[in-house]
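This report concerns only the one structure given below.
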Amino acid sequence: MDTSNNVRASKNDAGPVVAIDGPAGAGKSTVAKAVAKIFGMAYVSTGLIYRALTLKALRMGIDVRETESLVRLAETTEVAVEPNEGECRVFLDGEDVTGELTSPEIGAYVSQVAEIPGVRSALLDIQRAIGSKGSVVMDGRDIGTVVMPCADVKIFLVADFDERVRRRVAQARERGYDVVEETVISEIMHRDKVDSGRTVAPLKPAPDSITIDTTGKAPEETIMEVAGVICEILSKNKDTKEVAGGKGDTPCFM
Ligand code: DC
């Protein structure tokens, strides 16, 4: 089910929506969490939703090639997201599974699960329901293009491959996982290929997004850059709303 024609959040009708898309390791979650805090918005990582479904599939022993079973699973599983104080907690059929979702095992399977069109459409409504409430920073791969095409601000983060690998290795080790660099290299290569090459909602910048290269930048530098862009766009939108007599009816681009 694709309800993209009906999507309209935000451009002022709800609180602002900030979309931060980009490949694995580009810095999305660090930046999204920080700017959500700066602007007092909720933070939602949509990748965690795909990861929660992948966790369930692994628990049930469903192979990533069993497309129909995975679609059925996506249609019958309850995934709830609770943004709270800069963190994003995820509930799988009522169970808080947040702590399990960043394991290398899930990382190795999730892009294949997320590639399945039926899985994507089953998980679209929950993402749109979150976005429609407004006042939210959402990170993912297709937030600006498919999930929230009317997002007020669309940022597309990129970084050099080697740097993305270094960040992912450091992140995994910080979380206590004993990862080998070669494994991370092949996993990121594989995920880039699958995320960008899939037929439905591939990873790509929205035409009206702003691309920011985070290579060689400290997280604080990128956070301030992104915060500056958000500030500028939101105040422009506010001015437009005032000039339009308070209607705030900026047309949706998509
Ligand atoms: O951001 P992440 O690494 O947690 O994302 C996990 C996987 O989910 C990633 O391989 C791509 C997929 N994903 C997606 O297809 N669309 C999104 N909006 C978010 C994530």
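Heads up: numbering here begins at 1 and tracks the sequence. All values below were derived from every heavy atom in this structure, side-chain atoms included, with hydrogens, water molecules and symmetry-related copies excluded.
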Which distance, rounded to the nearest 0.5 Å, do you find between the [atom1] of [X] and the [atom2] of [Y]?
{"X": "Tyr50", "Y": "Ile116", "atom1": "OH", "atom2": "CD1", "value": "11.0 Å"}
{"X": "Met60", "Y": "Leu70", "atom1": "CE", "atom2": "CG", "value": "10.0 Å"}
{"X": "Asp213", "Y": "Asp160", "atom1": "CG", "atom2": "CG", "value": "6.5 Å"}
{"X": "Asp139", "Y": "Tyr43", "atom1": "CG", "atom2": "OH", "value": "4.0 Å"}

Report yes or no: does [X] contribute a side-chain atom to a donor-acceptor pair with the main-chain N or O of [Y] at less than 3.5 Å?
{"X": "Arg198", "Y": "Val200", "result": "yes"}
{"X": "Arg120", "Y": "Ala114", "result": "yes"}
{"X": "Glu163", "Y": "Gly216", "result": "yes"}
{"X": "Thr183", "Y": "Val179", "result": "no"}
{"X": "Arg173", "Y": "Asp178", "result": "no"}
{"X": "Arg89", "Y": "Thr98", "result": "no"}
{"X": "Arg164", "Y": "Ala159", "result": "yes"}
{"X": "Ser209", "Y": "Pro205", "result": "no"}
{"X": "Lys154", "Y": "Pro149", "result": "yes"}
{"X": "Thr77", "Y": "Ala74", "result": "no"}

Closest heavy-atom pair and its distance - [X], [Y]:
{"X": "Ile62", "Y": "Leu73", "value": "CD1-CD2, 4.0 Å"}
{"X": "Ser111", "Y": "Val194", "value": "O-CG1, 3.5 Å"}
{"X": "Ala151", "Y": "Ala19", "value": "CB-CB, 4.1 Å"}
{"X": "Gly140", "Y": "Ile143", "value": "N-CG1, 3.8 Å"}
{"X": "Glu100", "Y": "Leu55", "value": "OE1-CD1, 3.7 Å"}

Can you check salt bridge (charged side-chain N to carboxylate O under 4.0 Å, His left out) on Arg59 and Glu95, steps first, answer last? CA-CA 13 Å; Arg59 282 179 176 176; Glu95 175 194 351; 3.0 Å; yes
Using the rule given for salt bridge (charged side-chain N to carboxylate O under 4.0 Å, His left out), can you reason through Asp21 versus Arg141, listing the C-alpha separation, both sets of side-chain angles and the distance that settles it, and then say yes or no? CA-CA 5 Å; Asp21 291 305; Arg141 302 294 187 289; over 6 Å; no
Counting C-beta onward and ignoring hydrogens, is there a side-chain heavy-atom pair between [X] and [Y] closer than 4.5 Å?
{"X": "Val35", "Y": "Ile20", "answer": "yes"}
{"X": "Thr102", "Y": "Ile106", "answer": "no"}
{"X": "Pro83", "Y": "Val136", "answer": "no"}
{"X": "Val71", "Y": "Glu75", "answer": "yes"}
{"X": "Val147", "Y": "Thr46", "answer": "no"}
{"X": "Glu87", "Y": "Lys33", "answer": "yes"}
{"X": "Phe161", "Y": "Ile188", "answer": "yes"}
{"X": "Arg191", "Y": "Glu187", "answer": "yes"}

Assess whether side-chain contact (heavy atoms from CB on, under 4.5 Å) is satisfied between Val97 and Leu48, documenting all intermediate values. CA-CA 10 Å; Val97 291; Leu48 292 181; over 6 Å; no
Please check if the number of heavy atoms outside Tyr109 that lie under 6.0 Å from its OH is greater than 12. no
Whether over 12 other heavy atoms sit under 6.0 Å from Lys204 NZ: no
Less than 4.0 Å between a side-chain N and a carboxylate O, is that true for Lys56 and Asp93? yes
Same cluster (ILVMFWY, side-chain, under 4.5 Å), [X] and [Y]:
{"X": "Ile38", "Y": "Met41", "result": "yes"}
{"X": "Ile126", "Y": "Met138", "result": "yes"}
{"X": "Val81", "Y": "Val113", "result": "yes"}
{"X": "Leu124", "Y": "Leu92", "result": "yes"}

Under the criterion side-chain contact (heavy atoms from CB on, under 4.5 Å), I'd like the reasoning laid out for Ile212 against Glu225: C-alpha separation, chi angles, the key distance, then a yes or no. CA-CA 9 Å; Ile212 294 177; Glu225 193 175 345; 3.7 Å; yes
Using the rule given for side-chain contact (heavy atoms from CB on, under 4.5 Å), can you reason through Val158 versus Thr215, listing the C-alpha separation, both sets of side-chain angles and the distance that settles it, and then say yes or no? CA-CA 8 Å; Val158 295; Thr215 311; over 6 Å; no
List the steps, then state whether side-chain contact (heavy atoms from CB on, under 4.5 Å) holds for Ile49 with Leu53. CA-CA 7 Å; Ile49 296 170; Leu53 186 71; over 6 Å; no
Scan Lys28, Glu221, Arg167 and name whichever one has a side-chain hydrogen bond (donor to acceptor under 3.5 Å, both in side chains) with Thr214. Arg167
